[in-house]
Amino acid sequence: MSKNLVIVESPAKAKTIEKFLGSDYTVLPSFGHIRDLSEHAFGVDITNGFQPIYEISPDKKKLVADLKKASDGAETVWLASDEDREGEAIAWHLSEALKLKHENTRRIVFHEITKPAILKAIEQPREIDIDLVNAQQARRILDRIVGFELSPVLWRKVKSSLSAGRVQSVAVRLIVDREREIQGFVSEASFRVIALFTVTDADGKPVELKAELQHRFKTKEEAYAFLETCKTSHFGIEDIVKKPSKRSPAPPFTTSTLQQEASRKLGYSVSQTMMIAQKLYEAGQITYMRTDSVNLSDLALGASKAEILSMAGERYWQFRRFQTKTKGAQEAHEAIRPTYMDKHEISGTSQEKNLYSLIWKRTIASQMSDAELERTTITIGLSNATEKFLAVGEVIKFDGFLRVYMESTDEESDQESEALLPPLKVKQPLNMNQVTATERFSQRPPRYSEAALVRKLEELGIGRPSTYAPTISTIQKRTYVEKSNLDGEMRTFTVLTLKKDKIKEETKEERFGADKGKLLPTDIGMVVNDFLMDYFPNILDYNFTANVEKEFDDIAEGQLDWQQALKHFYDKFHPMVVETMANSERRSGERILGVDPKSGKQVSVRIGRFGPIVQLGIKEGDEKPQFASLKKGQLLETITLDEALELFKLPRSLGEWDAKEMVVGIGRFGAYVRYDGGFYSLPKTEDPMSITAETAVALIQAKRESDKNRQMKVFDQDQELKILNGRYGPYISYQKKNYKISSKTDPLQLTYEACLEIIQNDTKTVKKSPAKKKTTKKG
DNA sequence: CAGTGAGCGAGCTTCCGCTTGACTT
């Protein structure tokens, strides 16, 4: 046993540091927190000054025992967890759980993992900062109280197994609020006018000059009248303005900005990005990937400079130090950057390569010079109208950081890229070629993508780098939110074209409102959000976290007692919980849409046991109402009476085939045809309302054919025993249960007896507890 | 796999932040 034991949070860090410290030091990881409030009990003794009841986390029992053994054998134990609220708490929990003695325990911190930084830290040990620890305890206990008192209210008043919390409930609110904005949005049409002129370029060749009118017309008539004026007008250049401008590089990546750029540039989901980054970190290729800091170490600054100088020369280098502006940032780590700046690319999967390359470019660019641009604006006037056309061009005079990296934005602009303009002079007359007035519509606010939601949460100071990805998966797991797949709708727009003294009017069609992979609230998400907004508006307030963070800061500074802070919160919060439990109505999102003109029965929608439903009639006596499920994409809040009545047209009969009836309907997994006891899924292109009997028969035949191909072997002895070829390879199907075939066996060689033996030996205990839901591992 | 649409009843669900592996299919 070595003389010194150093405990850090992550194993990758432990490995690196051990190399720096030599043989007198053993470095072990704690794998994050080792203790927490009890998982199932409330875990806080409210009546006893909010005393937390901690337990060693079940999966950390062995680890803590190992650490205990190592610490007992060491002369000095160095607690080297991160220098932030959570890190300080980890150090404190370690000292408590391992029963470390004050005299041989040291607390050290460092912000970059380099040999000098660590040796320096060893020289300057300090005490555990108990105020900072108390701020963490207050944070932890407050989150437990909010989560474990609010969730049961939802179980009682809305639906079982739901959840609420300081972070997740605000995340859902953002999405619900945005969706309502979109629903309430009225788009306005206007006519955008673009003129094309023919001019000669520097070589005397004719080129096109494009210019947009500075005015948009509200109506087609106005646009038409303007084109009429253009017919007889002369066009000339009135003004040319050249303006130099600069563009500066973005700071190096934090967790949040990495997630945003990887989503925009590479199309990765938030959790995908984190998984790939983790791989890169473990392979020693990048620094730690959960950080809110934009700071680069002196080492990285020097290496970046050397790289830029050798790659592009002195003119491209510019020293920059970025300031973190994020609310509540704790800055225990560096920004996310390559470990070795001279490594331009790495080996690995293509995803790892792409993400690494993104990180490398962003880091290098952040130490490069500004790009210098020149923007030219040309004003074009008409001889018989006051409106002006503008042509805008931008040229890069010096590329600077743009040589390696350009940050993306969320807005997909429909502006064409601004190009180089031909040489032109003021007062030069212009030949008008064509003028078009195109009807355009104002854009609704965009829905949140995962990464855009992370950005908003970070802006509000809600959540931490380690929780962005888990939060997004939680609100989807609770079915408050789902990824959209909206086809949008078609709309027509008018285009007026003036060419050769004639005005042509065309009607064109375009798709709008389509959205893929954006976050949409579900009915349950909206009902839960509205309920919480009604009874706990202060918790859902976008500033709630920011406000309590201020108190945590005061606790950390020793200005505020943590128990008093919690009491202050609890004394207001808890009575609201009690009151809501006792006196609020159950919520089902019910809306009465009206009366069915055919039957005269009431039509209503609400959340039923298995999801949103429409109900025809009211339960009274023996009279049972009819029910139908809402379709994907329909919301309780926006469905109309006609749309609701439409849903009762399914299931419907398609007539008989081979003396058996075919019925088409929509189930949990989409549209289907039921025939002779079997289900046949409809492809997405088929509409259950309009599908014909012929198509249905073709579907049934196709499915039977493919099922036949799936059968690798059947047995005369028993119809129920089959060897099938499935998604994961060959398997045995017997009495509706499936059995694995060892990869060593050739499935075609299996005899009937051998199959039975496999079935007999199947020791797999079928877990029937629905509580232990297996989460599908898909991102 | 897909039809259902209540609650006499039994018992469970849930938070946020630190960190990585286990798990089969």
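Letters go in sequence order (proteins before strands), and every chain restarts at 1.
Both A/Pro465 and A/Ile145 sit near DNA chain B, but only A/Ile145 has its closest nucleotide nearer the 5' end. Nucleotides of DNA chain B nearest to A/Pro612 and A/Arg35 differ in position, and the one nearer the 5' end is that of A/Pro612.
Salt-bridge check for A/Lys15 with A/Glu18: failed, with every basic side-chain N at 4.0 Å or more from each acidic carboxylate O.
Between the side chain of A/Arg139 and the base of B/dC16 there is at least one donor-acceptor pair of N/O atoms closer than 3.5 Å. Looking at A/Arg464, its side chain has no donor and acceptor atom pair within 3.5 Å of the base of B/dC16. In the interface, the side chain of A/Ser161 is paired with the base of B/dT13 through a donor and an acceptor atom under 3.5 Å apart. Residue A/Ser160 places a side-chain atom within donor-acceptor reach of the base of B/dT13, judged by atom type and a 3.5 Å distance cut-off alone.
Using a 4.0 Å heavy-atom cutoff across all strands shown, A/Ala89 reaches no nucleic acid atom at all. Nucleic acid contact for A/Val146: none, since no nucleic acid atom lies under 4.0 Å from a heavy atom of the residue. Using a 4.0 Å heavy-atom distance criterion, A/Arg156 is classed as making no nucleic acid contact. Residue-level contact check: A/Pro470 touches neither bases nor backbone, having no heavy atom under 4.0 Å from any strand. As judged by a 4.0 angstrom heavy-atom cut-off over every strand, A/Ser629 is placed among the base-contacting residues. As judged by a 4.0 angstrom heavy-atom cut-off over every strand, A/Gln615 is placed among residues making no nucleic acid contact. Backbone-only engagement by A/Tyr281 is indicated by non-hydrogen atom pairs under 4.0 Å involving sugar-phosphate atoms exclusively. Counting non-hydrogen atoms under 4.0 angstrom, A/Arg606 reaches the backbone sugars and phosphates but no base. Looking at heavy-atom distances under 4.0 Å, A/Gly165 makes contact with sugar-phosphate atoms alone, never a base. In this structure, A/Leu162 reaches the sugar-phosphate backbone alone: every heavy-atom distance under 4.0 Å involves primed, P, OP1 or OP2 atoms, never a base. Contacts of A/Gly87 with the nucleic acid, taken as non-hydrogen atoms under 4.0 Å apart, are absent. Using a 4.0 Å heavy-atom criterion, one finds that A/Gln278 contacts the sugar-phosphate atoms exclusively.
Listed nucleotides B/dG5, B/dA6, B/dC16 differ in distance to A/Asp143; the shortest reach to its side chain belongs to B/dC16. Closest to the side chain of A/Phe610, out of B/dT20, B/dG5, B/dC15, is B/dG5. The listed nucleotides are B/dA2, B/dC18, B/dC15; the one nearest the side chain of A/Gln168 is B/dC15.
Side chain of A/Lys60 to main chain of A/Phe31: a donor-acceptor pair is present (N/O by atom type, distance under 3.5 Å, no hydrogens or angles). Between the A/Arg606 side chain and the A/Arg587 main chain, no donor and acceptor come within less than 3.5 Å of each other. A donor-acceptor contact shorter than 3.5 Å links the side chain of A/Trp155 to the backbone of A/Leu162.
Residue A/Thr467 has a polar side-chain atom (N or O) positioned under 4.0 Å from OP1 or OP2 of B/dG17. Within the 4.0 Å cut-off from OP1 or OP2 of B/dT19, not a single side-chain nitrogen or oxygen of A/Ser10 is found. Within the 4.0 Å cut-off from OP1 or OP2 of B/dT19, at least one side-chain nitrogen or oxygen of A/Tyr288 is found. Note on A/Arg478: a side-chain N or O is less than 4.0 Å away from OP1 or OP2 of B/dT14. Contact annotation: A/His40 side-chain N/O to B/dC12 OP1/OP2 distance is not under 4.0 Å. When the side-chain nitrogen and oxygen atoms of A/Arg609 are compared with OP1 and OP2 of B/dG7, none of them lie within a distance under 4.0 Å.
With rounding to whole Å, A/Tyr675 atom OH is found 19 Å from B/dG3 atom C1'.
Both the sub-6.0 Å distance and the 45° axial angle are not jointly satisfied by A/Arg166 relative to the ring of A/Phe544. Annotation: cation-pi pair A/Arg478/A/Tyr480 absent, no NZ/CZ under 6.0 Å from the ring centroid and within 45° of its normal.
For A/Met275, the CE atom counts as loosely surrounded, since its 6.0 Å shell holds 12 or fewer non-hydrogen atoms of other residues, nucleotides or ligands.
We find that the ring of A/Trp155 and the base of B/dT13 stack, their centres lying under 5.5 angstrom apart and their planes tilted less than 30°. A stacked arrangement is assigned to A/Phe148 and the six-membered base ring of B/dT14, with a centre-to-centre distance below 5.5 Å and an interplanar angle below 30°.
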